[in-house]
Amino acid sequence: MDAAEAIQILDVERERGLALIDEAASLEELEAARVSLLGRKARFTEVQKALGGLADEDRRTVGKLANETRAVLNAELQARGAELERAGEAEFLEADGVDVTLPGRHPRSGSLHPLSIVENDIVDTFTRMGYVVAEGPEIEDDWHNFEALNIPPDHPARTMKDSLYLAIPGLLLRTETSAVQIRTMESQDPPVYIVVPGRVFRREAADTTHSSVFHQVECLAVDEGLSFAHLRGTLEAFARAMFGPRRRIRLNPTYFPFVEPGAEVEVSCFTCDGVGCKVCGNGWIELLGSGMVHPNVLENCGYDSERYTGFAFGMGIERVAILRYEIPDMRMLLDTDIRLLAQFGAA
Ligand code: FA5
């Protein structure tokens, strides 16, 4: 390569370079332009390599021009690079920008689940009467769930058919909140007035009025001089507070090992008021199990059953909820269907 050729290449590369840099629309394109103009395989580099073969005078002239060319291209590369960086930042800020004049988006406000509403109402009714809330573990042992409750080893409730046992011998998921009666009496002296909300578990097939996991609220009162009349009066006060002043209750004798006598409580139907309709059948709806605490249970907890008497009852929260809100299938309460929940305030 002679000096004339080198000078021509430098002129061409300078013009081509300025155009290429100007056209680069991104930092990547600009880098590609730099490599093509000043990189190892660039024509400019060929000129530089050829400098050594030129005569002194030519080498000075061409060398000077090469330096100038590189300085111009480098300056342009830098200027365009800064420009592209600024543009990228502006674009990013624009995309990321917040328009403070836009109207705000309101978050959906949640609400209590119907089961929580019912549970709170039941518990409130009893705390207003002076009961205190007590709770117990969902995993129970044989003593608290069965034995202390006067449920003998051959009782059907103990079989694998009804109860859900853990792999650890002697432990099961509690089948009723009555287990908390025992825990409370074991830990304190009478008088006892407790209301016990909690989740219980049974090996039962789910249908419109049954679930294998459901919630109960249990009440226990132990004091001197408590009679069946106190039980009945408490249940009547509860039914009126929960379901309105016109509700009546009816007690039918039934058997629970931990009470004597035991009674199943029915409430007059909301729809027909005790006459009989398609909701209730015979005018009454089963609500809960109840009775006078069995002396064996009191003695099992170290209470003197000659001095103290007590009553207890337990109801299913899901049952109360489907009655109160006229929900045709208990399973709907567990479906988390927003269309149902929205009717209780969720949106
Ligand atoms: C009991 O669980 C007794 N512990 C109640 C009791 C307490 C009696 C204190 C005496 C003294 P029972 O198994 O009947 O009893 O259940 C009580 C309530 O739970 C029923 O009235 C019903 O409302 C509800 N219930 C029972 N089984 C289910 C089920 N599979 N799904 C939903 N609710 C149920």
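Please read all numbers here as calculations on a predicted model, not as lab measurements. For ligands, and for the atoms within them, numbers begin at 1 and follow the listed sequence.
Remark: ligand 1 atoms within the under-4.0 Å shell around heavy atoms of His210 are 29 (C), 30 (N), 31 (N). Atoms of ligand 1 found under 4.0 Å from any heavy atom of Ser178 (numbered from 1 in listed order, with element): 4 (N), 7 (C). Taking every heavy atom of Glu218 and a limit of under 4.0 angstrom, the matching atoms of ligand 1 come to 7 (C), 9 (C). Ligand-side atoms of ligand 1 in range of Gly289: 6 (C), 7 (C), 8 (C), 10 (C), range being under 4.0 angstrom from any heavy atom.
Environment of CZ in Arg43: sparse, with no more than 12 heavy atoms of neighbouring residues, nucleotides or ligands closer than 6.0 Å. Other residues, nucleotides and ligands place no more than 12 heavy atoms under 6.0 Å from the CD1 atom of Ile139.
Remark: distances from the non-hydrogen atoms of Leu287 to ligand 1 include one below 4.0 Å. Residue Glu286 places a heavy atom less than 4.0 Å from ligand 1. The closest approach between any non-hydrogen atom of Phe311 and ligand 1 is not below 4.0 Å. Taking 4.0 Å as the cut-off, Ser290 counts as a neighbour of ligand 1 on heavy-atom distance. Put simply, no part of Glu264 is less than 4.0 Å from ligand 1, judged by heavy atoms.
In terms of polar-atom proximity, Gln216 is counted as a contact of ligand 1, with an N or O under 3.5 Å from an N or O of the ligand. Below 3.5 Å of separation, one finds no N or O of Thr175 facing any N or O of ligand 1.
Taking the charged nitrogens against the carboxylate oxygens, Glu46 and Lys49 have no contact shorter than 4.0 Å, which rules out a salt bridge. No salt bridge links Glu76 with Arg14; every basic N to acidic carboxylate O contact stays at or beyond 4.0 Å. Between Asp207 and Arg331 there is no salt bridge, since no side-chain N of the basic residue sits under 4.0 Å from a carboxylate O of the acidic one.
Checked by atom type and distance alone, the side chain of Arg60 never pairs as donor or acceptor with a backbone atom of Ala55 at under 3.5 Å.
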